[in-house]
Amino acid sequence: MLKTGFDADFLWGGAISASQADGGWREGGKGVSTQDLRYLDPAWDHDEVERKHHEAPFTRAEMETALVDDTVTFYPNRRGNDFYHRYRGDIELFAEMGLKLFRTSICWSRIFPQGDDPEPNREGIAYYRDMFERCHARGIKVFCTILHYDIPVNLLLKYGGWKSRQTIDFYVRYARTLFEELGDVVDYWLPFNEFNAGRFAPWDGVCLIPGEEDSGQQVFQCLHHQFVANARVVKLAHEMLPGKPVGGMIARFCTYPATCKPEDNLQALQDDQYANWFYTDVMARGAYPAYMERYFDQFDIRVQFAEGDAELLRENTVDFLSFSYYFSQVSTTEQGWEKTAGNLVMANKNPYLPTSEWGWQMDPVGLRITLNQMYDRYGLPLYIAENGLGTSDVLESDGTVHDDYRIDYLRSHIEQLREAVIDGVDVRGYMVWGFIDVVSCGPLTMDKRYGLIYVDLDNGGKGTGERFRKDSFYWYQRCISSNGADLA
Ligand code: BG6
């Protein structure tokens, strides 16, 4: 029967990640993670930050300095938004908002500080248990990302990180520990954030130094190790936690041909295959798709499969798919097409779309298209794991933040989400990214804010750290309580 709106059990959510929110980098027994090493000079202006992010997001020299540098000022992920100390109060705010689903990640180096420790860190487990129990006590379900860009740095230095198959074993042991210790307080498991990140953000995705180690050969071999790790963890989840859904995620780049020229359409098809479908095809269909053979041949890439890998992938596919969605992009064979900054990548400009303060092309209709495309292709339940507008805000002297622009963004996307529901897409949840302000992932600044809750910290970590409800907080509260009917 034709739907007219959201099902009663639709999950209205919000998402953050450990490295961007938690802080407390040396507390509670936590070890150093790869995200603790990323550097920002708070004196840089917007253009300098963007240049750094696009031209040299992470260098070996930066890594070597960070490994011996204990100052906290210039390493934003070491302090996050101080969620580690404030999560109890924050969860009260989430409950007041009416949130139904909370997505965060576990910090691997809080559970296994070195990655290869003989025993897990009980204090780290207790921290997440308390966080998730508090959510449940307030009727909020938990969507847990097992790995969101931060691995224990020791695994990188000692074993080579995702270059090595040994990391697969450490990762599976880490996931097993989470299933044993937190299996009862997590509702949805997501082994990897944005599986395609290895390709567009090598340090974040697969811990390779951009421009130095990220040849196609290295990236795809690391990604293969992650595919194997993913399949092993899906298998483990199905064995240990029957009935608990375990899913896959990509950063979804909705792709349009620039013109109706066949060449542009072919380019769009291939960009979509290489940037998006490859990852979901492996996770949901259980095999490397045929089109990648030709791609690997063209770029002389030889992915080493160990015995049993193909079978493992085939037999352990995901229960649901999810994706982050911020913007769409344009494919063309034409050289010199105008560019715009995108989500971690530079994109071709679409003349029909407005751009955000950070140059992202806002495209709500692309969300409806994406949902339809993914559901048509896989027929699996879908969750929007991230969506939102990153922009600067002004905290007024009376503690208010008037963010109509963010409300407009969210409204237009939720309207298209509702259209997709009526189209018949089985989409079960929607999570606003960074619904409490966090350190941004690409630029590493606080001033690129996504939150419905303002956090009083600046790019240098200065401020009270206090939380303030933005206008969008009340707007989302009404959206949730009306189950998406009241978007005014
Ligand atoms: C996604 C990541 O790529 O985009 C998040 O999963 C990230 O970690 C989000 O924060 C928005 O990107 P940014 O760079 O604006 O924070």
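Counting convention: from 1, in listed order, for ligands and their atoms alike. For the numbers below, each heavy atom of this structure counts, side chains included, while hydrogens, waters and symmetry mates do not.
- Note on ligand 1: P443 sits in its first shell, one or more heavy atoms being nearer than 4.0 Å.
- The salt bridge (Lys or Arg N to Asp or Glu O under 4.0 Å) search around D272 returns R252, not counting sequence neighbours.
- The side chain of W433, and not its backbone, has at least one atom closer than 4.0 Å to an atom of ligand 1 (non-hydrogen atoms only; side chain from C-beta on).
- Between E466 and R86 no salt bridge is recorded (no basic side-chain N to carboxylate O distance below 4.0 Å).
- To the nearest 0.5 Å, atom CZ of residue F94 and atom CZ of residue F473 are 9.5 Å apart.
- Residue-ligand proximity, E194 to ligand 1, at heavy-atom distances under 4.0 Å covers atoms 1 (C), 2 (C), 3 (O), 6 (O).
- Under 4.0 angstrom from ligand 1, the non-hydrogen atoms of N193 all belong to its side chain.
- In summary, the atoms of ligand 1 found under 4.0 Å from a heavy atom of S440, numbered by their order in the structure, are 16 (O).
- Residue contact check for ligand 1: Y325 places no non-hydrogen atom closer than 4.0 Å to it.
- Residue contacts with ligand 1 include Y450, since one or more of its heavy atoms lies under 4.0 Å from the ligand.
- Between S17 and ligand 1, no N or O atom pair is found at a separation short of 3.5 Å.
- Near W360, the atoms of ligand 1 lying under 4.0 angstrom from a non-hydrogen atom of the residue are 12 (O), 15 (O).
- Summarising the local packing, NZ of K141 is surrounded by 12 or fewer heavy atoms from other residues, nucleotides or ligands at distances under 6.0 Å.
- The six-membered or imidazole ring of Y295 lies near that of F220, with a centre-to-centre distance under 6.0 Å.
- Proximity of H148 to ligand 1 is established by a heavy-atom distance of less than 4.0 Å.
- For S324, no nitrogen or oxygen atom sits less than 3.5 Å from a nitrogen or oxygen atom of ligand 1, counting backbone and side chain alike.
- For R467 and D90, the salt-bridge test passes: some basic side-chain N is under 4.0 Å from an acidic carboxylate O.
- Between H224 and Y288, a ring centre-to-centre spacing shorter than 6.0 Å is recorded.
- Contacts between C441 and ligand 1, counted as non-hydrogen atom pairs separated by less than 4.0 Å, involve both the backbone and the side chain.
- Put simply, CG on L190 and CZ on F195 are 10.0 Å apart, with the number rounded to the nearest 0.5 Å.
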